[in-house]
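Below is one structure, written out as structure tokens; the observations come after it.
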Amino acid sequence: MTTQIDTAQREVVLVEMAHIRPMMGLDILEPLPSARVPYPMVDPYILVHEAVVPITPERASLDTRHPHRGFDNLWYAISGSSSTGHTTGPGGAVERARLEAGSLLKLRTGRGVWHAEGIGEDELREGKAGTEMRGLLFWVNLARRDKGAEPSAQLVQPQDVPVRHDGDAIVRVLVGEGSPVELGTPGLILDVELPTGGSVASLVPADFNGFVYVLEGEASCGANRRRASRSQIAVLGPGGALAVEDAMPGTRFVLMAGKPYGETPVYNGPYVD
């Protein structure tokens with residue numbers, strides 16, 4: 001029996017600019033959620049935030065501890081480093097994680113977890129006050145049947161993130177083939193750099209929703225070659241593959257895709273039911 005792979009090129013159905021949301025004393029870039037992007041088009045991705053976190057005594061002493069429930073929380077260090085605490089230890093004890101550039105922290109919030117304790121404390125002890133970390137945060141929904149799961153933490157070091165060279169591109173597989181990170185539903189998260197510009201193509205399973213978030217530069221996305229630039233989200237239509245072409249040198253984007261649950265999440269502050 002032969003498996004058929006849909007390689008029809010996806011089109012970009014809409015391009016939107018991330019909006020700015022003040023949060024914990026920072027101006028966060030928030031491409032998702034967006035009033036202009038219906039959730040069924042990006043299911044299972046609930047939220048995407050980009051922020052630069054300064055490493056200062058003032059920030060480390062802020063009471064930023066807060067609860068979450070009902071989804072996978074992934075924090076990716078684009079550059080710099082930071083540290084944080086979360087109640088995933090035995091009996092709800094606080095564990096700490098240090099994120100270096102290229103590392104990924106996955107918290108399965110499940111039935112409930114507290115996190116964001118002492119942001120940057122570890123770096124301050126090492127004399128790194130005044131540095132900063134640029135990070136990307138994803139909330140990926142869990143199926144309702146899994147929302148009562150035991151909270152857990154998984155820190156993936158940069159050397160454990162699969163990296164491949166694909167034509168003009170450097171591709172880091174945060175979620176997908178070879179990555180140790182699994183979501184509650186089949187998914188794909190790729191950090192793609194085009195240092196000299198050019199093009200790259202990627203298979204995106206036909207039963208996945210998908211979108212691109214541009215971190216740097218500008219490129220033509222999809223079969224209809226819609227231009228997307230810094231801080232814009234490009235939402236993909238149906239198909240089995242994505243082409244990104246005519247990229248400016250230094251372009252960098254994250255491709256996020258996943259098999260939708262088809263469930264409507266219910267937001268209750270920091271909880272997703």
Handout entry: Charged N-O contact under 4.0 Å between D273 and K147
Key = no
Exercise for the section: May I ask you to decide whether E50 forms a salt bridge with R21, counting only side-chain N to carboxylate O separations under 4.0 Å? Expected result: no
Could you give the distance from [atom1] ([X]) to [atom2] ([Y]), rounded to the nearest 0.5 Å?
| X | Y | atom1 | atom2 | value |
| --- | --- | --- | --- | --- |
| F138 | L47 | CZ | CG | 10.5 Å |
| E100 | S81 | CD | OG | 4.5 Å |
| E123 | L99 | CD | CG | 9.0 Å |
| E30 | L137 | CD | CG | 10.5 Å |
| T131 | E126 | OG1 | CD | 9.5 Å |
| I78 | R134 | CD1 | CZ | 4.5 Å |

Hydrophobic cluster membership, [X] vs [Y], 4.5 Å side-chain cutoff:
| X | Y | value |
| --- | --- | --- |
| L155 | V140 | yes |
| L29 | I189 | yes |
| L74 | L188 | no |
| I170 | V200 | no |
| L242 | M256 | no |

Does some side-chain heavy atom of [Y] sit less than 4.5 Å from a side-chain heavy atom of [X]?
| X | Y | value |
| --- | --- | --- |
| R59 | V53 | yes |
| V13 | M41 | yes |
| R230 | E216 | yes |
| S79 | M133 | no |
| S199 | V244 | no |
| I55 | S82 | yes |
| V37 | V42 | yes |
| I233 | L32 | yes |

Practice task
Assess whether side-chain contact (heavy atoms from CB on, under 4.5 Å) is satisfied between L255 and L236, documenting all intermediate values.
Solution key: CA-CA 10 Å; L255 168 62; L236 308 179; 4.2 Å; yes
Which pair of non-hydrogen atoms, one from [X] and one from [Y], has the smallest distance, and what is that distance?
| X | Y | value |
| --- | --- | --- |
| A234 | V15 | CB-CG2, 4.2 Å |
| A219 | T251 | CB-CG2, 4.4 Å |
| P260 | D207 | CD-O, 3.2 Å |
| V272 | P265 | CG1-CB, 3.7 Å |
| V192 | A169 | CG1-CB, 3.9 Å |
| D27 | I20 | CB-CG2, 3.8 Å |

Practice task
Would you list the pairs meeting side chain to side chain donor-acceptor pair (under 3.5 Å) in which at least one residue belongs to residues 155-179, sequence neighbours left out?
Solution key: R172-E193
Apply side-chain hydrogen bond (donor to acceptor under 3.5 Å, both in side chains) to [X] and list each qualifying residue two or more places apart in sequence or on a separate chain.
| X | answer |
| --- | --- |
| R108 | D72 |
| K259 | none |
| E182 | none |

Exercise for the section: Start with the C-alpha gap between V254 and L190, add the side-chain angles, then the distance that decides, and say whether side-chain contact (heavy atoms from CB on, under 4.5 Å) holds. Expected result: CA-CA 5 Å; V254 179; L190 305 179; over 6 Å; no
Apply side chain to side chain contact (heavy atoms under 4.5 Å, CB included) to [X] and list each qualifying residue two or more places apart in sequence or on a separate chain.
| X | result |
| --- | --- |
| P57 | L124 |
| E132 | V52 |
| E218 | R227, S229, M248 |
| D122 | S83, R96, R98, R125 |

Taking ring-ring contact (aromatic ring centres under 6.0 Å, His included) as the cut-off, I'd like each qualifying pair that reaches into [range], sequence neighbours left out, listed once.
| range | result |
| --- | --- |
| residues 244-273 | none |
| residues 193-214 | Y45-F211 |
| residues 175-205 | none |
| residues 72-117 | H66-H115, H68-H115 |

Would you say the side-chain atoms of [X] pair up with the backbone N or O of [Y], donor to acceptor, closer than 3.5 Å?
| X | Y | answer |
| --- | --- | --- |
| N209 | D43 | yes |
| T84 | I119 | no |
| T109 | G112 | no |
| R10 | G239 | yes |
| Q9 | A243 | yes |
| E263 | R144 | yes |

Handout entry: E117 vs D63, side-chain contact (heavy atoms from CB on, under 4.5 Å): CA-CA, chis, key distance, verdict
Key = CA-CA 7 Å; E117 287 199 354; D63 184 9; over 6 Å; no
Practice task
For L183 and V175, run side-chain contact (heavy atoms from CB on, under 4.5 Å): C-alpha distance rounded to whole Å, both residues' side-chain angles, the deciding distance at 0.1 Å, then the answer.
Solution key: CA-CA 8 Å; L183 306 175; V175 175; 4.1 Å; yes
Exercise for the section: Could you tell me whether the side chains of T88 and E95 share a donor-acceptor contact shorter than 3.5 Å? Expected result: yes
